[in-house]
Amino acid sequence: MSAALELLCAAVAVVGLFLASTVFFDVVHLVLHRMLGSRSSVLRAIASPHDVHHRWIDRELRVNWEMQTANVWCHLLLEYVTQLAFTAVLALALPGGIVFGVAALQTLVFLMLLRDRGLDVNHRPQPIVEVARPMFFCPPAYHAQHHAHPDAFFSSYVKALDATVGTALDLRPQRVALVGGRSAFGRALRERLCAVGARDVIDLDTADDRRAGDVDVLVLCRPVPDLALEVEAYLRRAGRHQLPPEVWALVPEADVAVARHYYGDRRLLFRPLLVPDRADDAALARAARLSFFFILRGAHLPRTAWWGFPRWRFLSSKPARPGGVPKVRSRADVVLAA
Ligand SMILES: [Zn+2]
Ligand SMILES: [Zn+2]
């Protein structure tokens, strides 16, 4: 193997192992939150340094400056030491050069975070949270969701942990509205929502209902005659929330162009649920259960069937922006300008 290729392989290994060490911290992070919610005062006390991080940036995503120094000691240092511990274990099995490279990268990142006193891109005041686009890495909007809903969104750099254990959404603090909730899809979904303890599940005939203003997730459990009409009615009522409103919409293939637009629309997190018109009740119930499984794992385009799911056909289809719908670059542009 040439020296250049060897160097490239070593660099890839270092970056891969660095990301693995961040996933290890994510696991520790999840355990700390479970301990914080435990009935044991000893476990709560052991995990309490992480609570400092959440008091520094609270659920309303305000930075409490008086906690900044405490956050450096209780969170930044803890995260760094956890990652180093992972690297120390690697030293038992891997060449010294690779291990040194991983520790050097972890130290470099730690020093950069220290320089910013913790105020990295993930930790800045966010009066309006953008939609975290579907990707393998965690953008700032993703971590903001963890501060708003601390019992989910544990992943810090890559979404491996949340995608594995189903913590890419916490429905317990969420108000969910079902349009067409008496359909087979709606009944199966309601069962799942109740099982995970969604705060409130209400039925609406249409999104154009004043109660939609308090709703965090609108689910169109049957294909609607005019998707844009429903989505825009919901956005008028709930579009200014600090966190992005969500719409999960049953979409028959015929409606792909408008659904494809909303999938990329920056004003909301739109999760199309692709189910053909011809699906019977059993297939609809299966689609509800399967899509819910994948939504909890962070899917923006959740699978509704194991076989024949038209993922690529949907993603490669041409979006059609409905008439009168503005082209926007960010939620903040729309909400703060209003
Ligand atoms: Zn944080
Ligand atoms: Zn946390």
Side-chain angles (χ1 to χ4, degrees), residues 18-19 21-40 42-86 106 108-133 135-174 242-244 296-298:
F18 169 77
L19 292 177
S21 77
T22 69
V23 175
F24 177 66
F25 174 75
D26 295 342
V27 174
V28 172
H29 185 193
L30 185 151
V31 172
L32 288 172
H33 275 275
R34 296 290 183 264
M35 288 164 70
L36 283 170
S38 150
R39 270 187 273 179
S40 158
V42 177
L43 293 180
R44 287 201 306 275
I46 294 170
S48 60
H50 186 65
D51 192 43
V52 169
H53 184 59
H54 285 277
R55 285 192 280 138
W56 174 53
I57 295 188
D58 61 23
R59 287 176 189 244
E60 277 74 44
L61 306 176
R62 290 173 304 222
V63 178
N64 295 299
W65 301 103
E66 70 278 9
M67 305 289 297
Q68 186 151 10
T69 304
N71 178 64
V72 170
W73 289 106
C74 295
H75 176 67
L76 287 188
L77 194 62
L78 181 78
E79 184 176 19
Y80 175 54
V81 169
T82 307
Q83 292 174 354
L84 279 185
F86 177 87
Q106 288 165 336
L108 178 70
V109 171
F110 173 64
L111 291 175
M112 286 165 61
L113 294 175
L114 215 51
R115 182 200 60 192
D116 296 338
R117 293 185 51 78
L119 287 165
D120 60 17
V121 288
N122 279 343
H123 296 98
R124 287 178 190 162
Q126 295 190 47
I128 297 298
V129 177
E130 298 297 330
V131 177
R133 305 314 303 167
M135 57 168 78
F136 179 62
F137 291 96
C138 303
Y142 191 84
H143 190 68
Q145 299 263 11
H146 175 62
H147 281 270
H149 298 144
D151 290 323
F153 305 99
F154 297 106
S155 295
S156 52
Y157 285 72
V158 294
K159 295 178 183 168
L161 176 72
D162 289 332
T164 305
V165 300
T167 47
L169 185 62
D170 184 9
L171 284 157
R172 282 173 301 172
Q174 312 265 25
Q242 185 180 24
L243 296 173
L296 291 183
R297 282 155 184 78

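Hydrogens, waters and symmetry mates are skipped; everything else that's a heavy atom, side chains included, is used. Note that the coordinates shown come from a computational prediction; the quantities given were computed from them, not determined experimentally. As the structure lists them, so they are numbered: ligands from 1, and atoms in each ligand from 1.
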### Query
In this structure, which one of His53, His123, His54 forms a ring-ring contact (aromatic ring centres under 6.0 Å, His included) with His146?
His54
### Query
Quick one: are Leu113 and Tyr80 in side-chain contact, heavy atoms under 4.5 Å?
no
### Rounded to 10 degrees, the angle NE2 of His50 makes with NE2 of His29 at the Zn ion (ligand 2)
90°
### Query
Any side-chain heavy-atom pair from His29 and Ser156 closer than 4.5 angstrom?
no
### Message
What I'd like to find out is whether the side chain of Asn71 reaches to under 4.5 Å of the side chain of Ile57, using heavy atoms alone.
### Response
no
### Query
the Zn ion (ligand 1): which protein N, O or S atoms are under 2.8 Å away?
His53 NE2, His123 NE2, His143 NE2, His147 NE2
### Query
So do the side chains of Tyr157 and Val109 get within less than 4.5 Å of each other, counting heavy atoms only?
yes
### Message
What I'd like to find out is whether the side chain of Leu119 reaches to under 4.5 Å of the side chain of Gln68, using heavy atoms alone.
### Response
yes
